[in-house]
Every structure is written in C-alpha cells, then in structure tokens.
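Input: a single structure, listed below in structure tokens.
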Amino acid sequence: LLKNPFNIVCDIDNALCIAKYLWLYYKHGHVMSIIHMNEVLIDIFRNKFFVLFFHWSWQVRDIFYHLLWYIVSHRIKNKNYLKEKKNLFEERMNTLKRGDEQGFYKFFQKDYYEQMKSSILKEYYEKVRIIEVVRSVVKKEKLDPNYNTNFVSDSKILEHISEDSRKMVVASIHQYDLVEKEFKAWEKRNKTCNSIQYPE
C-alpha cells in the first residue's frame with residue numbers, strides 16, 4: 001500500500017509527494033518494523049537512490065539525506081530488535097500450535113532481524129561509497145577547473161553529463177555536506193539512542 005504509490009509518484013516526478021513519503025519514514029522509521037523497512041529501503045537503494053540523491057527538488061534531497069543519516073546510518077545501525085523478535089516469536093508459536101510448522105520455520109529463524117538489518121546497511125554503504133568518490137571528484141574539480149580526466153571507475157556518472165546536470169551534482173553534494181555536518185553535531189549532543197529527538 002505504500003510502495004506502489006511511491007513508484008507512481010516517482011514516475012510522474014511529483015516532488016511534493018516524494019518528499020512527504022520520505023518524511024513519513026524519517027519521522028517514524030525508528031518505530032517501524034524492520035521487515036517493512038527492509039523491503040522499502042532495499043527497493044530505494046537498488047532502484048531509486050541516485051534519482052533521489054540528485055533530485056532537482058531541494059526538499060526531496062534534504063529529506064532523503066536526513067533519512068540516510070538519522071534513520072539508516074544511526075538508528076537502524078544501532079537499534080536492537082529483541083522486542084520485535086519476541087513478538088514475532090510469540091506470533092509464530094501460535095502458528096506452530098495451529099499445526100503450521102512450515103510457516104513457523106519459514107518466517108522465524110535465528111538472526112532473522114539482524115540479517116535484514118545487515119542487508120539494509122550493506123546496500124546503504126555500497127551507495128555511500130560511490131557518493132564519497134563523487135564528492136572527492138567534485139572537490140578536486142573545485143580546486144582545479146581542468147580536472148576532468150582522472151575519474152575513478154565509480155564516478156563515471158559525472159562523465160559526459162551536461163553543464164546543468166553537473167551544477168545539480170555540485171549543489172547536491174554541497175547540501176549533503178551540510179546535512180552531514182548537522183548530523184555529526186547532533187550526534188555529539190545525543191550520546192545514547194534512547195529518547196532522542198530528530199531535527200524538525
């Protein structure tokens with residue numbers, strides 16, 4: 001019910017709806033099931049990451065960067081899913097008592113939640129690594145306007161793009177830097193993961 005409409009608004013490029021969808025996960029991702037977060041985030045990382053990261057709308061980019069830093073890099077990485085695991089265990093035990101042994105073992109296995117968390121972070125860090133290379137290239141270009149030949153393989157998305165697109169990349173990287181700086185300052189003020197308030 002959430003993923004299909006998001007695919008539609010992405011296809012028609014409705015920036016306001018995209019921003020509100022990302023805002024939903026930014027504000028409530030810390031209380032959502034890891035099962036749901038896994039399905040949504042993996043889809044975003046594999047199919048929509050660069051579309052959102054370099055989106056023409058400043059608002060879409062800003063909320064997406066906040067989602068990456070505050071929910072994925074911080075909250076999901078540090079969250080313990082033992083409570084969810086207990087609830088799932090009780091649910092599956094009831095399934096098992098009803099005789100559905102196959103359903104029990106299919107949906108509840110050792111480290112099930114940690115596996116999903118790991119898959120999210122793996123996809124996330126893979127994309128972040130590429131962004132770091134792009135950011136490095138952009139900074140070198142700012143220092144040397146003629147720097148356009150020594151691209152690392154991961155930064156090929158910067159080659160042969162139009163001047164307007166290149167300006168969008170630079171603006172996006174600058175905005176990403178600002179959100180990262182904001183996150184690191186916030187993280188220093190919030191040493192623990194309990195009862196923390198995310199920036200509005």
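In this structure a side-chain-to-backbone donor-acceptor pair under 3.5 Å is missing from K77 to V72. Between the side chain of Y124 and the main chain of S119, no donor-acceptor pair closer than 3.5 Å is present. Judged purely by atom type and a 3.5 angstrom limit, R75 has no side-chain atom pairing as donor or acceptor with the backbone of Y70. Checked by atom type and distance alone, the side chain of Q175 never pairs as donor or acceptor with a backbone atom of R61 at under 3.5 Å. Side-chain atoms of H66 come within 3.5 Å of backbone atoms of D62 as a donor-acceptor pair (strictly under, hydrogens ignored).
Among the candidates F183, Y176, F54, the single residue satisfying the ring-ring contact (aromatic ring centres under 6.0 Å, His included) test with Y65 is Y176. Here the rule is ring-ring contact (aromatic ring centres under 6.0 Å, His included) with F64, and of Y26, F49, Y21 only F49 fits it. Just one residue in the list E180, E187, E182 forms a salt bridge (charged side-chain N to carboxylate O under 4.0 Å, His left out) with K184, and that residue is E180.
Follow the hydrophobic side-chain contacts under 4.5 Å out from F50 and you reach I173 in the same cluster.
Taking the side chain as every heavy atom from C-beta outward, M32 and Y25 approach each other to under 4.5 Å. By the 4.5 Å heavy-atom criterion applied to side chains, W56 and M168 are counted as neighbours. Between M37 and I71, some side-chain heavy-atom pair lies under the 4.5 Å cut-off. Residues C10 and V51 fail the side-chain proximity criterion, which asks for heavy atoms closer than 4.5 Å.
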For this session: In sequence, state the C-alpha distance, the side-chain angles, and the governing distance for E39 and D43, and then conclude on side-chain contact (heavy atoms from CB on, under 4.5 Å).
Result: CA-CA 6 Å; E39 183 176 352; D43 177 61; over 6 Å; no
For this session: Go through N7 and K48 one step at a time and tell me if the side chain to side chain donor-acceptor pair (under 3.5 Å) criterion holds.
Result: CA-CA 9 Å; N7 291 332; K48 304 179 180 70; 2.7 Å; yes
Exercise. Can I76 and L41 be said to form a side-chain contact (heavy atoms from CB on, under 4.5 Å), step by step?
Worked result: CA-CA 11 Å; I76 290 180; L41 290 174; 3.6 Å; yes
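Between atom CD1 of residue I34 and atom CD of residue E114 there is a gap of 8.5 Å, rounded to the nearest 0.5 Å. Between atom CG of residue N14 and atom OG of residue S57 there is a gap of 10.0 Å, rounded to the nearest 0.5 Å. To the nearest 0.5 Å, atoms CD1 (I131) and OG (S136) are separated by 12.5 Å. One distance of note links NZ of K127 with CD of E132; it measures 14.5 Å at 0.5 Å rounding. Atom CZ of R46 is separated from atom CD of E126 by 9.0 Å, given to the nearest 0.5 angstrom. Distance check, rounded to the nearest 0.5 Å: CD1 of I63 to CD1 of I18 gives 10.5 Å.
H55 and D13 form a side-chain donor-acceptor contact under 3.5 Å, judged by distance and modelled atom types alone.
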